[in-house]
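So the structure is just underneath, and the comments pick up after that.
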Amino acid sequence: MAIAQRLVDRGADCLILGCTEVGMLLDQGDVPVPVFDITQVHCEAAFAAALNA
């Protein structure tokens with residue numbers, strides 16, 4: 001959370017959680033900017049693609 005806060009303090013307007021484990025440690029409630037968990041984004045896209053197949 002300290003690293004995320006430092007990024008926000010330096011001007012980050014969102015955070016991309018690009019490693020599968022980071023989403024287990026950090027979420028939207030931990031920082032004041034939007035958080036994008038890439039694992040979740042990929043799962044939602046795969047699910048949507050499967051429903052449209």
Out of curiosity, Gln28 CD to Phe36 CZ, how far, rounded to the nearest 0.5 Å?
-> 8.0 Å
Interatomic spacing from CG in Leu15 to CG in Asp30 - rounded to 0.5 Å | 10.0 Å
Linked, directly or transitively: Leu26 and Val33 (ILVMFWY side chains, under 4.5 Å) = yes
Taking every non-hydrogen atom, the tightest pair across Leu17 and Val35 = CD1-CG1, 3.3 Å
Who passes side-chain contact (heavy atoms from CB on, under 4.5 Å) against Arg6, sequence neighbours left out?
-> Ala2, Ile3
Using the test side-chain contact (heavy atoms from CB on, under 4.5 Å), find all partners of Cys43 that sit at least two apart in sequence or belong to another chain.
-> Thr39
Within-4.5 Å side-chain heavy-atom neighbours: Met1 and Val31 | no
side-chain hydrogen bond (donor to acceptor under 3.5 Å, both in side chains) against Asp9, all qualifying residues, sequence neighbours excluded | Gln5
Could you tell me whether Ile38 atom CD1 has more than 12 heavy atoms of other residues or ligands within 6.0 Å of it?
-> yes
